[in-house]
Structures are given as structure tokens and as C-alpha cells.
Amino acid sequence: MTTTDHDAGLRLTVLGCRAGMPEPGWPSSGYLVHAPGGEILLDCGPGVAAKAAMRAAELSAVFISHMHTDHCLDLLILGKARTQGPLPATKLPLYVPPGATRTLHRFNELFPLGTDGPGDHPTDHVFRDVFDVVEYEPLRPVRAAGATVLPVPMRHRQPCCGFRVTTERASLAYTGDTGAGSDFAPLVTDVDLLVAEATLDEPDRTAHGHLCAAEAGQIAARHGARALLLTHWAHTGRDWIDAQVARAGEHYRGRIDVAVPDHTFHVDTDTQET
Ligand SMILES: [Zn+2]
Ligand SMILES: [Zn+2]
């Protein structure tokens, strides 16, 4: 990334978009937001650390929607990767759901460098020495990379927040994992790009909390999203994904794109794939 890239405005690169466990070439959830002052990583599921670590110098902050493994399991790997070579002068802000800090420390303690348990090596304390872990408060905005990030509570089996990222020029909303009964207004209203999970074929009849593509389209239409990016794929076959686009399109007349690893979407004007 160069300064010129930052000046290009708000963009989003899909690092991973597979629901649950990854498939070859399809990491689990991870989205890199290119903001005016740096890059923000939204979620860090399996397979995402290898890609995010390559952008380490540009990373300004990491936000985790919830503590299901497909959204957070690679945090330890990303932290350990940042200990290779000199530690950066400043810790990387890591915003996690309320109560998640202790889980992360216990996770690191389970995988020490030596056989005698955690020692002094930074890889044994990445959530102390590499990350600056902060538990965000729902609906309390956070400044990062020249943008404002608003965590918005979503209904899911684990406490979960979607994130609305706003700059002077544009805005995007990422749902994380959510059932259709969430209050989407603070997250989605008039947003330039809605990145919405579309995990299921049909509406969720359980208490787990996921969307189907038709519901994603309904939410985008109801709240005036200017473009829709469907993601969190339960299957990655092209025909299945195309069917989800068609289902969303029955309810939403704006532009609909599909998440594919390593594709970048411009948020500022018409959302365009590059
Ligand atoms: Zn998920
Ligand atoms: Zn989940």
C-alpha cells in the first residue's frame, strides 16, 4: 500500500469468506478495510493470518465480531507472526467482544513455545506484548485508521457485533454473523456497501442466528444500502453462489456482488470489483 492507495478512498479486500471451516483457497472470515489512515482487519478466521501478516506494516487495528472459531482462530497465528523479527514499536490495537480477553490469554497459554508452560518469549504473550487488547462496547464508536468504527449488536449464538466503518467520503457495514431479528438500522441505514452474511438457503428456524440471501436482500432494501456484497459461504460452488445472488435480487434492486478471496471492492462511488 502506498499513500496514493490510501487516497483512493474506502475499499474492502476479501481475505476469507467461508462459513465455518475453510476450504482450499477459501479461508474463513477476514476482511481488510483500506481506510484513509491505514488498514483495518475485520475478523481473523482460519487461513486469514497468512494474508494479513503480509500486510503487517499497514495494519492499524483488528476488530473481532465474535468468538466463533471461523472469525477469530487465526489471531494467535497473526500475533505469533508479528513476533518474527523485531517487535513493532507499537502494539496493534485488537478490539474484541466484552469478556473475550481472558479467552485469548488462555488460548495463548495452551500453546507455549517450550514444554514447561509460558515463558518470556513474546510468542507466549502475544495478547499482552503484540496486541493491545481492548474490549469494545456495543454502540460506542472507535477511531481507527482515520475512520470511525461502530460496533452494533447482532443476534447470534455467541455475543456478536457487526461493524459500521465510516470515513468522510463513504461508509460500509459488515454484519458478522446474525439472525434476521437484529436491529439493523444503526448498522445499515444509507450505507454505501453492506457486507452481509448469506449462509443459509432458507431462513434460520433455529436460535443459532444466520441469514439467508433473501433476508440479506431484504435488509439491504429496507435500510437503503447502496450496494450489497454477499458473503460467509456455506458452499463455494459457483452455481450455489449464483443462486444466492438471484435470491437476494428478488428483494434488492441495487448492485449485488459476491465475496471471493483476494478481490477488492471500491466503496466510495459505485462499488466496483477490481
Ligand atoms: Zn461465522
Ligand atoms: Zn458465528
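Read the numbers this way: they start at 1 and go in the same order the structure lists the ligands and their atoms. These values consider heavy atoms only, across backbone and side chains, with no hydrogens, waters or symmetry-generated copies. Positions are given from 1, in the same order as the sequence printed here. Source: prediction; values computed, not measured.
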Point to revise | Worked check of ring pair (Phe, Tyr, Trp, His ring centres under 6.0 Å) between Tyr95 and Phe63 | key: CA-CA 5 Å; Tyr95 295 94; Phe63 288 77; 4.5 Å; yes
Exercise for review: For the pair Phe107 and Phe111, name the ring-plane relationship: parallel under 30°, tilted 30 to 60°, perpendicular over 60°.
Suggested key: perpendicular
Donor-acceptor list for residues 64-77 side chains, cut-off 3.5 Å, not counting sequence neighbours:
from	atom 1	to	atom 2	distance (Å)
Ser65	OG	Asp43	OD1	3.2
Ser65	OG	Asp43	OD2	2.9
His66	NE2	His68	ND1	3.3
His66	NE2	His156	NE2	3.4
His66	NE2	Asp177	OD2	3.2
His68	ND1	His156	NE2	3.1
Asp70	OD2	Gly20	N	3.1
Asp70	OD2	His232	NE2	3.1
His71	ND1	Asp43	OD2	2.7
His71	NE2	Asp177	OD1	3.2
His71	NE2	Asp177	OD2	3.1
His71	NE2	His232	NE2	3.3
Asp74	OD2	Gly47	N	2.9
Asp74	OD2	Val48	N	3.1
Asp74	OD2	Ala49	N	2.9

**Study point:** Between Phe163 and Tyr31, ring centroids under 6.0 Å
**Key:** no
Point to revise | Arg247/Asp201 ion pair, N-O < 4.0 Å | key: yes
Review point. Tell me, which protein N/O/S atoms are under 2.8 Å away from the Zn ion (ligand 1)?
Key: Asp70 OD2, His71 NE2, Asp177 OD2, His232 NE2
**Study point:** Glu197 side chain vs Thr175 backbone, donor-acceptor pair below 3.5 Å
**Key:** no
